Asks: 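Below is a structure I'd like to ask you about.
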Amino acid sequence: MAGLYNSISVSEAAALQKEMRNKLILETLENFMVHTIGGADISFNKYETTVYAGIIVLSFPDLHPVAYSLVKTEVTFPYVSGYLAFREAPALIEAWEQLPQKPDVLVVDGHGIAHPRRMGIASHFGVLTGQPTIGCAKKILFGKYEPPLDVRGAYSYIHDKEDVLGAVLRTREKVKPVFVSPGYKLNLQDSINIILQCMGKYRIPEPTRRAHELVNAFRRGELQEGYIKL
DNA sequence: GCGACAG
DNA sequence: ATCTTGTCGC
């Protein structure tokens, strides 16, 4: 899909997000049916429009890499806070379509419904592909919250008025928390439970951390574009 | 008008 | 996001 969101303005993007919001589905997901989980991320050189997108598939709950997809494309939309999906989703979807077997759940680097119009990149990607997604960001974008206790696994909620949008999760003691929110086809509790099971030795949950490692290696030329079954 | 602001 | 060395704290 080259040219998706090519000549679109920010106001038009906002209108699109409001329409997509009506297509959101946040039902309960059967946790025991999750056997594979994916991590999606992109990397690029500063000042350049070439993006290196990738999706890593891990076994669940073992979290061992089983496959990955890498795609190099050109971005056509600038980075504007609140509209990340219009810049990164196209590349991620190409990497996604290149996967013969899709993971049961995909963790996207960014927010899900913890967004002004409930349409962060994880939700956006989910609505477009129909796949269950979870948003896992390193910084808050929208909503209020109290810091969670300094204990591994502790979490508090992100809220906007009466709406609970996500969770602020402490993945390790004495490190900044990460922000988790449902993207598509699963609720907040499912999202939290799954991310809790994705905590490894580092601050960033395994799916996102491995995806970030993957695309950086790709950008540095250490890996080739394509699909690899491990 | 002022402050906030994913990657 | 990416560019970068040392440095402070557990």
Side-chain angles (χ1 to χ4, degrees), chain A residues 5 10-11 13-14 16-17 20-21 39-56 70-95 106-127 133-145 147 149-152 158-161 165-184 191 195 201-205 207-222:
Chain A
Y5 306 139
V10 171
S11 62
L16 196 47
Q17 290 180 324
M20 293 176 76
R21 178 175 185 171
D41 193 17
I42 73 163
S43 178
F44 57 82
N45 290 311
K46 198 174 185 179
Y47 306 129
E48 291 181 8
T49 58
T50 300
V51 293
Y52 302 80
I55 292 178
I56 180 96
L70 294 171
V71 170
K72 189 172 106 173
T73 65
E74 295 298 311
V75 291
T76 60
F77 198 89
Y79 169 68
V80 182
S81 181
Y83 301 88
L84 178 65
F86 293 87
R87 177 180 175 76
E88 303 190 354
L92 293 181
I93 288 176
E94 280 197 37
L106 180 69
V107 180
V108 181
D109 191 16
H111 293 93
I113 62 170
H115 177 282
R117 292 167 293 286
R118 311 295 187 269
M119 198 46 65
I121 188 169
S123 297
H124 188 118
F125 183 99
V127 168
T133 62
I134 295 174
C136 183
K138 296 176 286 300
K139 292 189 293 186
I140 189 72
L141 166 67
F142 177 78
K144 303 297 181 185
Y145 69 91
L149 294 178
D150 193 21
V151 175
R152 176 183 167 83
I158 299 175
H159 53 82
D160 172 41
K161 306 292 180 54
L165 308 178
V168 185
L169 171 65
R170 190 84 65 183
T171 53
R172 284 193 59 182
E173 206 174 297
K174 293 167 184 173
V175 297
K176 293 186 296 182
V178 294
F179 304 80
V180 179
S181 60
Y184 187 66
S191 302
I195 295 300
K201 181 182 180 182
Y202 307 89
R203 176 174 86 107
I204 306 302
T208 300
R209 192 182 70 78
R210 301 299 292 260
H212 193 262
E213 258 185 3
L214 180 74
V215 295
N216 275 326
F218 178 33
R219 176 173 57 85
R220 293 192 299 260
E222 298 164 14

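Lettering follows sequence order; numbering is per chain, from 1. Reckoned from all heavy atoms, side chains included, excluding hydrogens, waters and symmetry mates. For clarity, every value in this text was computed on a predicted model and none was experimentally measured.
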Asks: Could you tell me if Tyr52(A) and Arg220(A) have a donor-acceptor pair between their side chains, going purely by distance under 3.5 Å?
Replies: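 No, no side-chain donor-acceptor pair sits under 3.5 Å.
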Asks: Counting only side-chain nitrogens and oxygens, does Tyr79(A) get under 4.0 Å of the OP1 or OP2 atom of dA6(B)?
Replies: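 Indeed, a polar side-chain atom of Tyr79(A) lies that close.
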Asks: Ignoring hydrogens and angles, tell me if any N or O in the side chain of Ser191(A) forms a donor-acceptor pair with the backbone of Gly183(A) under 3.5 Å.
Replies: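 Not confirmed, Ser191(A) side chain does not pair with Gly183(A) backbone.
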Asks: Looking across every strand, which nucleic acid part, if any, lies under 4.0 Å from Gly82(A) by heavy atom: base, sugar-phosphate, or nothing?
Replies: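 Base, at least one base heavy atom under 4.0 Å.
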Asks: May I ask you to check whether Tyr5(A) and His124(A) place their ring centers less than 6.0 Å from one another?
Replies: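 Centroid distance Tyr5(A)-His124(A): below 6.0 Å, so yes.
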Asks: Just N and O in the side chain of Ser43(A): are any of them under 4.0 Å from OP1 or OP2 of dA1(C)?
Replies: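 No, outside the criterion.
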Asks: dC10(C) phosphate, OP1 or OP2: any side-chain N/O from Arg172(A) under 4.0 angstrom?
Replies: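 No, no such contact exists.
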Asks: Tell me whether the side-chain N/O atoms of His212(A) come closer than 4.0 Å to OP1 or OP2 in dA1(C).
Replies: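 The answer is yes; a side-chain N or O of His212(A) sits under 4.0 Å from OP1 or OP2.
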Asks: If you check the His115(A) side chain, which of dG7(B), dA6(B), dT2(C) turns out closest?
Replies: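 Among dG7(B), dA6(B), dT2(C), the one nearest the side chain of His115(A) is dA6(B).
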Asks: Looking at Asn216(A), I'd like to know whether one of its side-chain N or O atoms comes within less than 4.0 Å of OP1 or OP2 on dT2(C).
Replies: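 Checking Asn216(A) against dT2(C): at least one side-chain N or O falls below 4.0 Å of OP1 or OP2.
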Asks: Are any side-chain N or O atoms of Arg203(A) and backbone N or O atoms of Arg172(A), one a donor and one an acceptor, separated by less than 3.5 Å?
Replies: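 Absent.
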Asks: Hey, does the side chain of Lys139(A) come within less than 4.0 Å of dA4(B)'s phosphate (OP1/OP2), counting only N and O?
Replies: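 Indeed not, no polar side-chain atom of Lys139(A) lies that close.
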